[in-house]
Undergrad: 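Have a look at this one.
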Amino acid sequence: MYTEVVDLVGVDSARDELIKVLSDPLEVDVKTVSIVGFGGLGKTTLAKVVYDRIKVEFDCAAFVSVSRNPDITRIFQLILFEFDKNRYANTNIALWDIKQLIDELRGFLQDKSRKQVKTKDQWLVLLNSIGHGLKDYVIDKDWLIWRWIAEGFIQHENTSGYDNLFEIGLSYFIEHVNRSMIQPIYIDLERKEEACRVHDMVLDLVRSLSSNENFVTVWDKDEQTTSSHGMTVARRLSIQNSSTASQGQATITDMSKVRSFTIFESAIDLMPSLTQFQVVRVLDLEGCDLRKSGSQMNLRQVGRLCQLSCRGIQELPQTITGLRNLMRLRLDHSDTRLPEGLDNLTSLEELTGVSVHYDDDPTLFVKELGHLTGLRVLELSWSAENFGEALVQSLGNLRKLQSLDIRIFSGRGNLMRGWAPPPCLRRFLCLGTNGELPTLSAWIKNSSSSLLTFVDVLIRQVCPEDLHVLGALPSLRIVRLWSEGRHSVAGMKVKAGTFPCARMCAFMHFATAPSMFAPGAMPRVQHLRFTIWAWDFGGFGLDDLRMGHLPSLEEVVVGIWCRQEKEEEDMAVVERVEAALRQAAEDHPNRLALDVSRKISADMKLLTCAFSESQLCGSNFQVAPASPSSRLWLAAY
């Protein structure tokens with residue numbers, strides 16, 4: 001649908017010239033290469049093509065765009081996130097100051113090759129020298145579409161052919177990409193555009209029109225933007241900084257006309273009472289700890305609310321059950337308690353970040369969940385003791401469900417038993433310390449799973465049949481299989497033609513090797529992860545590690561496990577395996593990026609627990625959070 005890098009025309013010569021400059025071992029003094037030209041010429045596209053081609057030659061790499069007036073702190077945060085998404089996604093680096101960020105960057109780069117660890121002054125000089133680029137902030141696609149819906153920009157059309165407003169909004173997003181009004185960002189391996197950017201030329205136009213029409217009011221640390229006509233009524237208000245917001249309150253004090261309200265952590269102390277809002281449809285408090293705000297969450301006055309995102313609330317107020325128009329409720333997997341009466345939220349399509357705790361009685365929640373038949377997306381963490389048939393029955397009522405993420409950390413039960421997934425299911429994740437499934441193959445065989453694109457599950461013991469049935473799924477893009485205990489499927493062959501559309505395959509905690517997949521299998525896989533037992537490598541040989549038959553492969557991650565009590569004995573095998581893997585990566589036509597890690601376990605029965613909760617439950621494909629000043633401007637568009 002969109003132009004892939006391989007289909008771009010007219011960039012080969014410039015690309016090759018830049019690659020030669022950046023990769024030439026004689027050019028050791030190259031620090032900065034500038035690509036200049038007027039807006040819309042394709043400078044960012046060219047830079048991204050070069051980056052994608054040569055990043056494998058470096059120990060770490062980051063692709064970060066900067067604005068005309070760059071937020072230096074924000075730039076450093078994005079660089080760290082790009083360096084190691086898994087490491088920094090669960091770290092609150094948004095609260096770090098410049099010194100902390102620079103210290104972290106220097107520490108991260110300390111042992112990296114082709115590095116230059118700069119002082120603070122050097123960092124600032126470098127950023128200043130490149131600070132005249134595009135205002136290419138990353139804006140989450142789902143956030144944008146839901147904002148369109150809440151604002152009423154998207155309406156049902158009898159002839160549209162879509163089942164819900166979100167799908168209509170997605171078609172609008174695609175149309176804007178195809179018209180080159182926004183630039184898609186391919187974050188995940190399902191070929192789904194998870195975010196977008198706005199070119200600075202388009203952004204200037206958006207901001208001008210927004211100001212002329214009194215469309216949006218933004219208070220941030222750099223500017224206070226209101227209507228050019230001096231209007232004092234705000235319809236869409238974003239408060240991003242306490243100092244400028246305090247000044248703005250003297251100009252705009254009437255909240256009665258505000259349709260959407262966004263506030264950021266730095267301004268949470270100015271959170272107004274919800275009684276001031278009369279027509280608000282969007283209340284975006286995501287990223288804010290409301291415990292720092294003196295405002296009470298009385299939702300009785302915001303009955304038209306369509307979207308609510310918040311964290312830091314110990315208990316959602318009872319008044320939330322009166323929000324009959326609420327379509328999206330986002331929590332943060334914290335200790336937020338849910339009130340009785342959630343089954344009244346019949347318009348709800350997305351319910352995420354919900355946690356059921358060990359001291360909760362889940363009976364009422366599970367019963368009410370089954371009445372939310374319009375849900376398309378459900379994300380749930382389960383720590384309650386009772387678990388099983390009641391939840392399965394409620395899930396069975398959700399026939400419009402397209403995405404289910406469930407993480408189980410206590411209790412007993414079998415989610416698979418008796419649950420027939422809806423035919424529209426596209427994403428399924430079931431993980432957690434108590435989230436193992438006895439088998440996978442029977443469930444997939446007996447369900448309508450032709451639309452599944454993402455599977456991430458923990459299996460008690462993976463069998464060859466599981467790989468065969470997964471490989472037969474026609475739409476599968478990402479698969480991650482985790483096994484609870486040590487076992488091997490050595491000698492098994494996955495036939496040609498399997499995993500035809502997969503882009504990422506991870507087989508964790510059971511012994512596998514690339515040779516298991518016959519030539520013709522996994523033709524599009526770009527990222528491969530697997531596990532090797534050093535003491536049980538006899539089922540495989542070093543030749544089994546060759547990967548030339550996987551033509552699209554770009555990155556390989558291998559975990560080699562050793563026994564703590566026989567570490568010295570196992571280490572000889574580890575070194576031979578590592579050498580073979582390095583040779584296989586070098587021999588591959590794509591010059592594979594290889595990441596090999598050594599892991600030591602004292603008790604293989606508890607192998608699953610050797611991974612942290614974030615590794616077991618997190619996703620490797622995450623979008624960096626949008627910067628404050630980018631979010632509402634694109635909503636204006």
Undergrad: Please report the closest heavy-atom contact between Cys501 and Pro474, naming both atoms and the distance.
TA: SG-O, 3.4 Å
Undergrad: Between the main-chain N or O of Arg324 and the side-chain N or O of Ser347, is there a donor-acceptor pair closer than 3.5 Å?
TA: yes
Undergrad: With a 3.5 Å distance limit and no angle check, can you tell me whether Arg236 reaches the backbone of Phe215 through a side-chain donor-acceptor pair?
TA: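 Flag set: sc Arg236 to bb Phe215 pair under 3.5 Å.
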Undergrad: Regarding Gln183 and Arg197, do their side chains bring together a donor and an acceptor under 3.5 Å, going by distance alone?
TA: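 Arg197 and Gln183 do not have a side-chain donor-acceptor pair below 3.5 Å.
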Undergrad: What heavy-atom pair brings Gln77 and Trp96 nearest, and what distance separates the two atoms?
TA: NE2-O, 4.4 Å
Undergrad: Does NZ or CZ of Arg426 fall inside the cone over Phe454's six-membered ring, less than 6.0 Å from its centre and within 45° of the axis?
TA: no
Undergrad: Nearest 0.5 Å, what's the CG-CH2 distance between Leu165 and Trp146?
TA: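 The CG atom of Leu165 sits 7.5 Å away from the CH2 atom of Trp146.
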Undergrad: So which heavy atom on Asn397 is nearest to which on Thr373, and how close?
TA: O-CG2, 3.8 Å
Undergrad: Can you name the side-chain contact (heavy atoms from CB on, under 4.5 Å) partners of Glu167, sequence neighbours left out?
TA: Tyr162, Asp163, Asn164, Gln402
Undergrad: Let me confirm one number: the CD-CZ distance from Gln100 to Phe76, rounded to the nearest 0.5 Å.
TA: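 CZ of Phe76 is found 13.0 Å from CD of Gln100.
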Undergrad: For Thr346, enumerate each residue passing the side-chain contact (heavy atoms from CB on, under 4.5 Å) test, keeping only those at least two apart in sequence or located in another chain.
TA: none
Undergrad: Which of these, Leu338, Leu351, Leu308, sits in a side chain to side chain contact (heavy atoms under 4.5 Å, CB included) with Leu331?
TA: Leu338
Undergrad: Using side-chain contact (heavy atoms from CB on, under 4.5 Å), reason through Ile406 and Leu429 one step at a time and then give a plain yes or no.
TA: CA-CA 6 Å; Ile406 184 165; Leu429 180 149; over 6 Å; no
Undergrad: Would you indicate whether Gln318, at its atom CD, is surrounded by more than 12 heavy atoms from other residues, nucleotides or ligands within a distance under 6.0 Å?
TA: yes
Undergrad: Tell me, with the steps shown, if Glu350 and Arg376 meet salt bridge (charged side-chain N to carboxylate O under 4.0 Å, His left out).
TA: CA-CA 6 Å; Glu350 287 196 14; Arg376 296 184 303 102; 3.7 Å; yes
Undergrad: What distance do Glu349 atom CD and Lys400 atom NZ have between them, rounded to the nearest 0.5 Å?
TA: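 One gets 7.5 Å once the value is rounded to the nearest 0.5 Å.
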Undergrad: Among residues at least two apart in sequence or on other chains, which ones pass salt bridge (Lys or Arg N to Asp or Glu O under 4.0 Å) with Asp405?
TA: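 For Asp405, the residues satisfying salt bridge (Lys or Arg N to Asp or Glu O under 4.0 Å) (neighbours in sequence not counted) are Arg427.
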Undergrad: Among Asp456, Leu404, Val457, find the one that has a side chain to side chain contact (heavy atoms under 4.5 Å, CB included) with Cys430.
TA: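 That would be Val457; it is the only one of Asp456, Leu404, Val457 passing the side chain to side chain contact (heavy atoms under 4.5 Å, CB included) with Cys430.
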Undergrad: Would you name the heavy atoms of Leu323 and Leu345 that are closest together and state the gap between them?
TA: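 Looking at all heavy atoms of both residues, the closest pair is O-CD2, 3.3 Å.
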Undergrad: Please name the pair of heavy atoms, one in Leu476 and one in Val479, separated by the smallest distance, quoted to 0.1 Å.
TA: CD2-CB, 3.8 Å
Undergrad: Does the side chain of Arg147 pick up a donor-acceptor pair with the side chain of Thr262 at under 3.5 Å?
TA: yes
Undergrad: Going by side chain to side chain donor-acceptor pair (under 3.5 Å), name the residues that satisfy it together with Thr352, two or more places apart in sequence or in a different chain.
TA: none
Undergrad: Taking only distance into account, with no hydrogens and no angle test, what donor-acceptor pairs under 3.5 Å do side-chain atoms of residues 364-371 form with protein atoms, sequence neighbours excluded?
TA:
{"from": "Glu368", "atom 1": "OE1", "to": "Gly341", "atom 2": "N", "distance (Å)": "3.4"}
{"from": "Glu368", "atom 1": "OE1", "to": "Leu342", "atom 2": "N", "distance (Å)": "3.1"}
{"from": "Glu368", "atom 1": "OE2", "to": "Gly341", "atom 2": "N", "distance (Å)": "2.8"}

Undergrad: Can you name the salt bridge (Lys or Arg N to Asp or Glu O under 4.0 Å) partners of Arg259, sequence neighbours left out?
TA: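 Listed in chain order: Glu151.
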Undergrad: If we ignore hydrogens and angles and just use 3.5 Å, is the side chain of Ser394 paired with the main-chain N or O of Leu391 as donor and acceptor?
TA: no
Undergrad: Quick one: closest heavy-atom pair of Ser475 and Ser450, and the distance?
TA: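 Closest approach of Ser475 to Ser450: OG-O, 2.9 Å.
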Undergrad: Is there a side-chain contact between Cys196 and Leu144 in this structure, where contact means two heavy atoms from C-beta onward sitting under 4.5 Å apart?
TA: yes
Undergrad: If you round to the nearest 0.5 Å, how far is CG of Asp142 from CZ of Arg328?
TA: 6.0 Å
